[in-house]
Amino acid sequence: MAYWLFKSEPDTWSWDQQVAKGAAGEEWNGVRNYQARNNMRAMKLGDLGFFYHSNQGKEIVGIVEVSAESHPDSTTDDPRWDCVDIRAVKPLARPVTLEQAKVEPRLAEMVLVNNTRLSVQPVAEAEWKVICELGGL
DNA sequence: GCCAACGTTGGC
DNA sequence: GCCAACGTTGGC
């Protein structure tokens with residue numbers, strides 16, 4: 001079991017929209033970055049991830065689950081780009097902000113804090129537990 | 001709205 | 001294969 005973090009601008013694709021897709025989930029498409037794509041290719045069915053709102057909110061708002069492993073991105077014919085499907089699992093009781101993550105010593109190595117531009121990131125198990133704790137789960 | 005960080009593209 | 005130019009992301 002691995003842990004991940006998916007970043008999205010709420011104006012483009014929000015947590016509420018993700019929740020509305022229900023158990024079927026939705027393609028996490030539109031990623032045009034090799035590192036992010038490689039992370040998605042490494043994902044297994046049932047892996048969990050955080051859903052992060054960039055720009056507006058700048059906070060982790062919920063937990064998602066990989067509902068389909070890597071497959072071609074339906075929004076392009078370019079064979080380079082693959083994506084996974086994810087479905088909403090549950091919201092955090094309290095969203096965890098980027099600011100909180102930055103001041104938490106146990107999250108000092110987190111990709112979210114150190115490489116803000118990567119849109120699909122791996123999350124270490126220890127980091128996962130800290131965020132869940134801060135999020136009131 | 002600005003700008004820093006980063007990734008990609010394309011000329012040489 | 002290097003590197004400058006450019007585009008995009010995302011925090012502030």
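Keep in mind the model is a prediction, meaning the values are calculated, not measured. Letters go in sequence order (proteins before strands), and every chain restarts at 1.
Heavy-atom nearest nucleotides on DNA chain B were determined for Asn55(A) and for Gln35(A), and the one closer to the 5' end corresponds to Asn55(A).
Rounded to whole Å, atom C1' of dT9(C) lies 8 Å from atom NZ of Lys7(A). For the pair Asp78(A) CG and dT8(B) P, the interatomic distance rounds to 12 Å; values are reported in whole Å. Note: CD (Glu9(A)) to C1' (dG11(C)) measures 11 Å, nearest angstrom. Counting to the nearest Å, the P atom of dG7(B) and the CH2 atom of Trp81(A) are 12 Å from each other. Atom CG in Asn33(A) sits about 13 Å away from atom P in dC6(B), given to the nearest Å. Rounded to an integer number of Å, the gap from CG of Asn114(A) to P of dC6(B) is 10 Å. Note: CG (Leu118(A)) to P (dG7(B)) measures 8 Å, nearest angstrom. In this structure, Arg117(A) atom CZ and dC3(B) atom P are separated by 17 Å, rounded to whole Å.
Side-chain N/O atoms of Arg32(A) and base N/O atoms of dT8(C) include no donor-acceptor pair closer than 3.5 Å.
For CG of Asp78(A), the number of neighbouring non-hydrogen atoms (other residues, nucleotides, ligands) closer than 6.0 Å is greater than 12. The number of heavy atoms from other shown groups lying within 6.0 Å of CD (Glu99(A)) does not exceed 12.
Proximity of Tyr52(A) to the phosphate of dG11(C): a side-chain N or O atom is located under 4.0 Å from OP1 or OP2. Phosphate contact (OP1/OP2 of dT9(C), side-chain N/O of Lys58(A), threshold under 4.0 Å): absent.
Remark: aromatic rings of Phe6(A) and Trp28(A) are close, center separation under 6.0 Å.
A distance-only check finds no donor-acceptor pair linking the side chain of Asn114(A) to the backbone of Val111(A) [under 3.5 Å].
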